[in-house]
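All remarks here apply to the structure that follows.
Order of the sequence lines fixes the chain letters, A, B, ..., with proteins taken first and strands second; residue numbering starts at 1 for each chain.
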Number of protein chains: 2
Amino acid sequence: MVTSLARPSRRKKGRERRDPDATRRALLEAGARLFPEKGFDGVSVEDLATRAGINKALISYHFGGKRGLYVAVLESAFVEMAERLRTVEDGAPDAREGLHLFLRAFEDMTRGRPDFPALFLREAVSTGIHPAVLPHLLSIMRVTRRLAERGHREGLFRRVDPVLFHFALVGALGFFFATEPARRRAAPHVPFKQPTAQAFIHHLEEMTVRGLAPEASSETKKKSKKRKGARS
Amino acid sequence: MVTSLARPSRRKKGRERRDPDATRRALLEAGARLFPEKGFDGVSVEDLATRAGINKALISYHFGGKRGLYVAVLESAFVEMAERLRTVEDGAPDAREGLHLFLRAFEDMTRGRPDFPALFLREAVSTGIHPAVLPHLLSIMRVTRRLAERGHREGLFRRVDPVLFHFALVGALGFFFATEPARRRAAPHVPFKQPTAQAFIHHLEEMTVRGLAPEASSETKKKSKKRKGARS
DNA sequence: GTCTATAGGCTGATAGAC
DNA sequence: GTCTATCAGCCTATAGAC
């Protein structure tokens, strides 16, 4: 868990019937499941309470209302995502491998939180970026930016605008995974077989590595360092 | 206009006060503006009627309810989009140029219907693809598929899975344009300057052309035709 | 075809008992 | 902390006058 402390808040004398943290967690989980699927307006507090197995009044008590719960869900998802992607940078010997790990991390994340991309896309499309998640979004953008810059420093990538690079890469990823359930539902009425996440990731990696290859692509890779601190 | 006939339904004896087609059009336009921004659940029939300058009862009369109007909006947008992109194929001397025109057409479209990408993303993420729009979606996918296949035939592109190619390209495009309003709103609180649509399109084109370049990239391009009818 | 008026359901929030 | 009961507001759809 990310947002709440790990230990279950020691109970003082056994007076309380249940663990209040469990209630919060159940609500967060219900929100994480329902909001991405139906959107904020598509989910009622009744839905959330039922799914969490608690009373709907507790949403207001713990999160100050439906919107509060929504923001908490959003934030916890972004925190986890940003953490996950940030670790990528440590384990990579070079930018080429860093890109590979980044894509793998994204794919892995969609296993644990398969509907996070949808949550993210909805957020970006409707309300706009909520102030609470902006720092984590920027943190993710910093990862891709460092990847692009490092690759250029290492002579593996040509110089590209890191912001454009980020939106092209993350946009394709987010879109693919957010629309995955829709594809699966449409599968019977469609004349092509479902692309797997693995195949897509591989395609994207291939396109990116080739797309970023320096102008003169010879066998020896790390040869020229060129101007080091050059910035436009 | 696309969905309705061009001529304004000849009036028989001047009995009617107004043109009913005008009502339909006003509602479609109101929907095209409001649904992408707030989502289906986020818009009330009152909102729609007010924006269209007509009475809310007319939504049920003309479209059989709010959902009916939504589907009509969706369909008209997809029809226009698919038409627009299909023309790309005619004017292109080769696949390389076809890709360029495809991206340009997409960008142009976002000028006339700036919120279509958001509408599309919402649709794909939530309800799933509506049966009414599926044919047009497939029509768009056929354009990208032909582009990929033609490029390979012409010796300009290496062989890639057209479905993966489609989702990577259109995903990045859709994401970028759908999130454009969110970026603009977040601009003051963000440490980088706004990427322009033009720059993004250029980046994407560059990445795609390089990413699709055949293995052996020599000067002469259209030299080897290889096996022609080979399909897996 | 267009309008007004209204029905009937569901929504999110909260007061108050335990 | 958790629950029950309840409220006021908004929602979509429609009957019926014009």
- Query: Under 3.5 Å, is there a donor-acceptor pair between the side chain of A:R122 and the main chain of A:P36?
  - Reply: yes
- Message: Ring centres under 6.0 Å, that's the criterion: do B:F175 and A:F175 meet it?
- Response: no
- What is the distance from NE2 of B:H62 to P of D:dT14, rounded to the nearest Å? 15 Å
- Message: What is the separation between atom OH on A:Y61 and atom P on D:dT4, rounded to the nearest whole Å?
- Response: 17 Å
- How would you list all residue pairs meeting ring pair (Phe, Tyr, Trp, His ring centres under 6.0 Å) that involve residues 55-86 of chain B, not counting sequence neighbours? B:F35-B:Y70, B:F40-B:Y70, B:F78-B:F116, B:F78-B:F120
- Query: To the nearest angstrom, how far is B:F63 atom CZ from C:dG1 atom P?
  - Reply: 12 Å
- Query: Between A:R183 and A:F176, is NZ or CZ placed under 6.0 angstrom from the six-membered ring centre and within 45° of the ring axis?
  - Reply: yes
- How does protein contact run along nucleotides 8-13 of chain D, one letter per nucleotide 5' to 3', with B for base contact, S for sugar-phosphate only, - for none, heavy atoms under 4.0 Å? ---SBB
- So does A:R24 pair up with A:D21, basic N to acidic O under 4.0 Å? no
- Item | Heavy-atom donor-acceptor pair, A:E123 side chain to A:H130 backbone, under 3.5 Å | yes
- Item | Gap between atoms CG and C1', on A:L58 and C:dA13 respectively (whole Å) | 13 Å
- Item | Separation of atom CG in B:N55 from atom P in D:dA15, rounded to whole Å | 15 Å
